[in-house]
Amino acid sequence: MRAGRIDNWIHGSFRPSATGLGAYRIFYAAFALLVVAPGHDAYASLAGFVGLPPSMFTPPPGPMQLFSGFPRRFTAESIHLLLNLSLAALLLGYRTRISSIVTGVLFLVLFGFSYSIGKINHNILFVLVPIVMSASGWGSALSLDALRRAVVAERNPETPEPSLEPGAVSWPLMLLGLIVGFAIFTAGFAKILGGWLDPTTHAAYGHVLKNVFVRGRGALLAPVIVGIESGVIWEIFDYLTVFFEVGFLAACAHRRSLRLFAGLAVLFHFGVMMTMNIAFAFNLAVYAAFVDWDRIAGALNRGRTTSPLASVQILGDGREGSPLRADLLGFLAVLSLGAAFYLVGSPLLWLDRIFVLDSDLSAREVLVVTTGAVLVLIFGLRRSTAAVRESVSAARAHLRRLIAP
Amino acid sequence: MGRESVRTLFMVAAGVLLLQYGIIALLSLGAGEPWPAVIQPGFKNVWDGKDTVRIPRADLEVRMASGRTLPVPLDQLFDGIPASHHLGLLRAQFQPASISGTSSTERALSPETRVWLFERMDRLFPDEQALLMLAVWREMQFDRASQESTTRVIDTLVIDFEEHARRTDR
């Protein structure tokens, strides 16, 4: 009985379609290429570390201790190139399972070197997404893998090729939810141990002051928030933060609560960005995993008149060698896209050059986090309005039944 | 993957998450936070609510042969390294043992790092010759009542370039 309930939770909480998973895969890869911009953005580049002497290499405990120093330029550029190629493969859904795992491993290595200077940025959840989701079949639709499978099927309808990807599998999404919930719980738990719930201390306010006066993060609402001196208000912030973070793990018990907490997390990060100029943009790509991508993919598909199989004609027309041609074209597409991003970088990087903020925030981060917050508010408002309308209709129907003769 | 295998995977994952959290807690006492680690930042520190907020900060300065002492812009010294890494870098490598409690945070005194720093100073200040680099650790005190801030120096890590300068016949 207990096993049955656990199985229901694992397999039944999320029931994504292959298309929904594919849509999220495309979103994640596009986010990584456009916002994270490996090899170009300072947070995802080893360029600044290449010339540092081995004496400055202070790897954190873990696999980075296997290395004796920062990578040389050739190694660093190879990592950047391979990462852009694997992300291009992920975006296009080419050999998706392998490209997912390679992406995650390369991010682990890149950030591992970057954090061997004395500071760790906590973007592990972003790094784990492709590794966990590689088992979800998120390459079985909206992908070159799916196109290639269709080509082979068209050619040999009696003997279908074994699928390169499984169909949609839901448990990886729940596993990701568990990992995210646990990770955020640790932040809340640390706060409890640190004394955030002590009414005689003001933790959030102390961090605001440190960020503004020591780290020079004085942009957006930071100067305004520093002026708020009410101990009650700051204590409310402290308590809300702790309960939200600790509650995230419990929220994993149900899809709806997990989605609610993911949405609240986006708003929380928006608030932190505005007041402390700390963006955590990476996490938005993680929370997006729990969005209803089936609905989004469906909305995007509405009004579509051509079948996706029409594009199969380009790749396969029943002649010999068509799957090979499909593979080759796919490989060339990945190579071209990956090389382009490696050489030129994200077009969004121009935003950082045009809008320079008075802190270490980038315009890209502000755009991403703000957009996320706006979308959450819009969808949240829609759902609330729909829920209120439903409740009102139900109440009216009930009332009519009561007063009917 | 069968349902039983997936259930086992989830239980193993939960166990691993808890175990690694325990290991992180132990390592954080001495060796530091590991990577990779499935945690999010705690921002544990709290302010005691008193009127004076005390915040440590560090700056790098360079003393030249001409007698001038100039500030070293961290974004130029550590060009390409994200700004959010600078304070962590200074804490891990430019912090006196009198503050951190361990000499492992004085890595900037190593010969290799000294050579690198000297060469960087040469590039940043081509018209001057650097003799010393000073990692000045201050405590900033912010008084909420008067909205004024004062700073006092706690300690300074001195990185001597003179030996290197003599060896390069400058």
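Every chain is numbered from 1 and lettered A, B, ... according to where its sequence line falls, protein lines coming before strand lines.
Using a 4.5 Å heavy-atom threshold, the side chains of Arg114(B) and Ser55(A) count as separate. Residues Pro53(A) and Val115(B) form no side-chain contact, since every pair of their non-hydrogen atoms from C-beta on lies 4.5 Å or further apart. Between Arg7(B) and Asp7(A), the closest side-chain pair of non-hydrogen atoms falls below 4.5 Å. Here the side chains of Pro36(B) and Phe107(A) are not in contact, with every heavy-atom distance at 4.5 Å or above. Counting heavy atoms from C-beta outward, Met56(A) and Phe78(B) have side chains that approach closer than 4.5 Å. Counting heavy atoms from C-beta outward, Ile278(A) and Phe43(B) have side chains that approach closer than 4.5 Å.
Interface check for chain B: of the options Gly112(A), Ala187(A), Pro61(A), the most heavy-atom pairs under 4.5 Å are formed by Pro61(A). Contact tally against chain A (heavy-atom pairs below 4.5 Å) for Leu90(B), Asp79(B), Val38(B): the top residue is Val38(B). Taking chain B as the reference chain and counting heavy-atom pairs below 4.5 Å, the highest number among Pro63(A), Gly188(A), Ala47(A) is found for Pro63(A). Taking Ala92(B), Ser110(B), Pro34(B), Gly80(B) one by one and counting their heavy-atom pairs under 4.5 Å with chain A, the maximum is reached by Pro34(B). For the set Leu193(A), Ile179(A), Leu52(A), the count of heavy-atom pairs under 4.5 angstrom toward chain B peaks at Leu52(A).
For Gln95(B), no part lies under 4.5 angstrom from a heavy atom of chain A. Only the side chain of Ala13(B) comes within contact range of chain A, with at least one heavy atom under 4.5 Å from a heavy atom of that chain. Both the backbone and the side chain of Ser114(A) come within less than 4.5 Å of a heavy atom of chain B. Of the atoms belonging to Leu27(B), it is side-chain heavy atoms, and not backbone ones, that fall under 4.5 Å from chain A. Contact annotation for Leu9(B): only side-chain heavy atoms (C-beta onward) come within less than 4.5 Å of a heavy atom of chain A. Neither the backbone nor the side chain of Ala25(B) has a heavy atom closer than 4.5 Å to any heavy atom of chain A. For Phe248(A), no part lies under 4.5 angstrom from a heavy atom of chain B. Contact annotation for Ile120(A): only side-chain heavy atoms (C-beta onward) come within less than 4.5 Å of a heavy atom of chain B.
In terms of heavy-atom proximity, Leu175(A) sits nearest to Phe10(B) at N-CZ, 3.4 Å. Between Pro82(B) and Phe49(A), the closest heavy-atom pair is CD-CZ, 4.3 Å.
Atom CG of Asn8(A) sits about 7.0 Å away from atom CZ of Arg3(B), to the nearest 0.5 Å. To the nearest 0.5 angstrom, Gln93(B) atom CD is 4.5 Å from Thr58(A) atom OG1. Within the model, atoms CD1 of Ile81(B) and OG of Ser45(A) stand 10.5 Å from one another, a figure rounded to the nearest 0.5 Å. Taken from CG in Leu125(A) to CD1 in Ile39(B), the straight-line distance is 10.5 Å, to the nearest 0.5 Å. Rounding to the nearest 0.5 angstrom, the gap separating the NE2 atom in His85(B) from the OH atom in Tyr43(A) is 7.5 Å.
Pairs passing the side-chain hydrogen bond (donor to acceptor under 3.5 Å, both in side chains) check and including a residue from residues 26-41 of chain B, sequence neighbours excluded, read His122(A)-Glu33(B), Asn283(A)-Gln40(B).
For Phe185(A), the side-chain contact (heavy atoms from CB on, under 4.5 Å) partners are Phe189(A), Val246(A), Leu249(A), not counting sequence neighbours.
Within a 6.0 Å radius of CD in Glu4(B), no more than 12 heavy atoms belonging to other residues, nucleotides or ligands are found.
Aromatic ring pairs are classed by plane angle as parallel below 30°, tilted from 30° to 60° and perpendicular above 60°; the pair Tyr21(B) and Phe182(A) is perpendicular.
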